[in-house]
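One structure below.
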Amino acid sequence: MIERTKLAEDFIAGSDWAGALRSPLAGDASNRRYERLHRDGETAVLMDAPPEKGEDIRPFVAIAHYLTDLGLSAPQVWAEDAENGFLILEDLGDGLFARAIPDHPELEAPLYQAATDVLTRLHSAGPPQNLARYSPEVMTDLAALAWTWYKGGNDPSEQVFRASFEPVLEHYAADHSVLIQRDYHAENLLWLPDRDGTARVGLLDFQDAMAGHRAYDLVSLLQDARRDVPPEIETAMIRRYVVDNQLDPVAFQTAYAVLGAQRNLRILGVFARLCLRDGKAHYVDLIPRVWALLLRDLDHPALVPVKPIVLNALPKPTSDYLQDLKQKCATARTL
């Protein structure tokens, strides 16, 4: 830790932000840390992404450039040290959707409209070359995290699930014609009202971008694991996106439900892992919302082959089950 502190100090000293004051910023579920730099009435953001913990700033930089070239508001990259995992970024402020909406409820619909329009703009362009594909095989592996971490232990139902779910994904959601950011939700979007059009939405978490189906990020936005999106807004935004992109509404709604099930199964596993492996118990409190979203997705006719497998295999998130997960926090170091 002392060595990393020295590396950060040297990086800042060799940049245009030498001598800046530093203050902490809230982090995320990754190993990345953030600080705000203050100098002469201006601010910037320091990203500290330790390579020894599996972090790599290069995808973030590449996708940031791609997004800004489209006129979208990803942070400008002002200084970088790929070897040691440091960036100095444009500071887009503190106006997270998740904070702005409770303070100004009248903004909820306009903010979701703007975020939906960002996806329309993003999807009007082809994805960057050499972007990994969010394929049915990859999606099935990630959905199976619900067995690995949320359910735990070896269970033969996992293989039954895999054999049933991958063909559903292949049939309804295999398209990979757009860039998907994969964590496109209210905790990662900033409201920038002084900008125009789709640039009013600041984008933060996109380093894990892949080539995937155009419904995926809309699912991420509207089936938010961290906040309840009003049903009328979800319905209106799906309609808005379908109309603006001239899509078949039935096919899109089917893909939306299938990808919703995939995403929510993955999140069940990820949130359990964040507790069991990383000691972040508060993620367990979000599981009931994720479970409710999953149940709703599983009601779609396209998921008839999968629904009974999931419901028979995975335990309901009762208070006793969630408490048991919390009691096991930070006890599983490998899997």
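Inter-residue side-chain proximity for Leu298 and Leu311 is flagged as met; some heavy-atom pair is nearer than 4.5 Å. For the pair Arg239 and Val242, the minimum side-chain heavy-atom distance is 4.5 Å or more. Put simply, the side chain of Thr116 reaches to within 4.5 Å of the side chain of Leu221, judged on heavy atoms. Counting heavy atoms from C-beta on, the side chains of Phe165 and Met139 never come closer than 4.5 Å. Counting heavy atoms from C-beta outward, His213 and His176 have side chains that stay 4.5 Å or more apart. Side-chain contact between Gln129 and Leu131: absent, with no pair of heavy atoms (C-beta onward) separated by less than 4.5 Å. Contact annotation: the side chain of Phe11 never approaches that of Lys6 to less than 4.5 Å [non-hydrogen atoms, C-beta and beyond]. Annotation: side chain of Thr5 is in contact with side chain of Glu9 (closest heavy-atom distance under 4.5 Å).
Between Asp196 and Arg200 there is no salt bridge, since no side-chain nitrogen of the basic residue lies less than 4.0 Å from a carboxylate oxygen of the acidic one. Ion pairing between Lys328 and Asp324 holds under the 4.0 Å rule for side-chain N and carboxylate O. Taking a cutoff of 4.0 Å between a charged side-chain nitrogen and a carboxylate oxygen, Arg162 and Glu158 qualify as a salt bridge. With respect to Arg99 and Asp103, no salt bridge is recorded, no charged nitrogen being found less than 4.0 Å from a carboxylate O. A salt bridge does not link Asp297 with Lys307: every distance from a Lys NZ or Arg NE/NH1/NH2 to an Asp or Glu carboxylate oxygen is 4.0 Å or more. With respect to the salt-bridge test (charged N to carboxylate O, under 4.0 angstrom), the residues Arg58 and Asp56 qualify. For Glu187 and Arg226, the salt-bridge test fails: no basic side-chain N is under 4.0 Å from an acidic carboxylate O. Asp48 has a carboxylate O that lies under 4.0 Å from a charged side-chain N of Arg4, or vice versa, which qualifies the two as a salt bridge.
Within the 3.5 Å criterion, the main-chain N or O of Lys53 finds a donor-acceptor partner in the side chain of Asn31. Of the possible donor and acceptor atoms, one in the side chain of Tyr184 sits under 3.5 Å from a partner among the backbone N and O of Ala115. Counting only distance, with no hydrogens or angles, the side chain of Glu35 and the backbone of Leu46 share no donor-acceptor pair below 3.5 Å. Side chain of Asn264 to main chain of Gly260: a donor-acceptor pair is present (N/O by atom type, distance under 3.5 Å, no hydrogens or angles). A donor-acceptor contact shorter than 3.5 Å is absent between the side chain of Asp91 and the backbone of Val45. A donor-acceptor pair is defined here as one N or O able to donate and one able to accept, closer than 3.5 Å; no such pair exists between the side chain of Asp278 and the backbone of Lys280. With hydrogens and angles disregarded, a donor-acceptor distance shorter than 3.5 Å links the side chain of Ser124 to the backbone of Arg121.
In this structure, the separation between CG on Leu295 and CH2 on Trp291 is 6.0 Å, given to the nearest 0.5 Å. To the nearest 0.5 angstrom, Gln223 atom CD is 9.0 Å from Leu294 atom CG. In this structure, the separation between CG on Leu142 and CD on Glu137 is 10.5 Å, given to the nearest 0.5 Å. With rounding to the nearest 0.5 Å, the separation of CD1 in Ile267 from CG in Leu286 is 9.5 Å. Here the CG atom belonging to Asp244 is positioned 5.0 Å from the OG1 atom belonging to Thr120, to the nearest 0.5 angstrom. Atom CG of Asp205 sits about 9.0 Å away from atom CD of Gln181, to the nearest 0.5 Å.
Contact record, Pro136 with Ala174: CG-CB, 3.9 Å, taken as the closest heavy-atom pair. Between Pro230 and Glu108, the shortest heavy-atom contact is CD-OE2, 3.3 Å. Across all non-hydrogen atoms, the minimal contact from Ala330 to Gly279 is CB-CA, 3.8 Å. In terms of heavy atoms, Leu303 sits closest to Val168 at CD2-CG1, 4.1 Å. Considering every non-hydrogen atom in both Pro288 and Pro317, the closest pair reads CA-CG, 4.3 Å. Taking both residues in full, the closest heavy atoms of Leu192 and Ser73 are given as CD1-CB, 3.9 Å, listed atom of the first, atom of the second, then distance.
Heavy-atom neighbours of Glu83 CD from other residues, nucleotides or ligands within 6.0 Å: at or below the threshold of 12. The environment of CG in Asp16 is sparse: at most 12 heavy-atom neighbours from other residues, nucleotides or ligands sit within 6.0 Å. Within a 6.0 Å sphere centred on CG of Asn154, heavy atoms belonging to other residues, nucleotides or ligands number 12 at most.
Put simply, Ile180 and Leu67 are part of the same group of oily side chains (I, L, V, M, F, W, Y) that touch within less than 4.5 Å, one to the next. Side-chain heavy atoms closer than 4.5 Å link hydrophobic residues (I, L, V, M, F, W, Y) into clusters, and following such links, even through other members, never connects Ile88 to Leu92. A continuous path of hydrophobic side-chain contacts links Val310 to Tyr321 [ILVMFWY only; heavy atoms under 4.5 Å]. Leu72 and Val201 fall within a single hydrophobic cluster, where Ile, Leu, Val, Met, Phe, Trp and Tyr side chains are chained together by heavy-atom contacts under 4.5 Å. There is no path of hydrophobic side-chain contacts, each under 4.5 Å, that joins Leu204 to Val118.
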List the steps and the verdict of side-chain hydrogen bond (donor to acceptor under 3.5 Å, both in side chains) for Arg182 and Ser220. CA-CA 7 Å; Arg182 297 180 59 201; Ser220 180; over 6 Å; no

Test Val284 against His282 for side-chain contact (heavy atoms from CB on, under 4.5 Å), laying out the working first. CA-CA 5 Å; Val284 172; His282 62 282; over 6 Å; no

Derivation of the side-chain hydrogen bond (donor to acceptor under 3.5 Å, both in side chains) call for Ser23 and His38: CA-CA 8 Å; Ser23 61; His38 305 260; 2.9 Å; yes

Go through Asp141 and Arg266 one step at a time and tell me if the salt bridge (charged side-chain N to carboxylate O under 4.0 Å, His left out) criterion holds. CA-CA 9 Å; Asp141 286 344; Arg266 178 181 74 84; over 6 Å; no

In sequence, state the C-alpha distance, the side-chain angles, and the governing distance for Ser157 and Trp147, and then conclude on side-chain hydrogen bond (donor to acceptor under 3.5 Å, both in side chains). CA-CA 9 Å; Ser157 66; Trp147 272 257; 2.9 Å; yes

Does the pair Glu80 and Val61 meet the rule for a side-chain contact (heavy atoms from CB on, under 4.5 Å), with working shown? CA-CA 9 Å; Glu80 62 184 283; Val61 172; 3.9 Å; yes

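A ring pair (Phe, Tyr, Trp, His ring centres under 6.0 Å) check over residues 96-130, counting only residues at least two apart or in different chains, returns the pairs His123-Tyr241.
For the 3.5 Å distance criterion, the side chains of Ser177 and Asp175 qualify, holding a donor opposite an acceptor.
Not counting sequence neighbours, the partners of Glu42 by the salt bridge (Lys or Arg N to Asp or Glu O under 4.0 Å) test are Arg39. Partners of Ala209 by side-chain contact (heavy atoms from CB on, under 4.5 Å), not counting sequence neighbours, listed by chain and number: Ile63, Leu179.
Considering Phe86, Phe206, Tyr66 as possible partners of Phe60, the one that fulfils the ring-ring contact (aromatic ring centres under 6.0 Å, His included) test is Phe206.
In this structure, Arg273 forms no cation-pi arrangement with Tyr150, as its terminal cationic atom is not both closer than 6.0 Å to the ring centre and no more than 45° off the ring axis.
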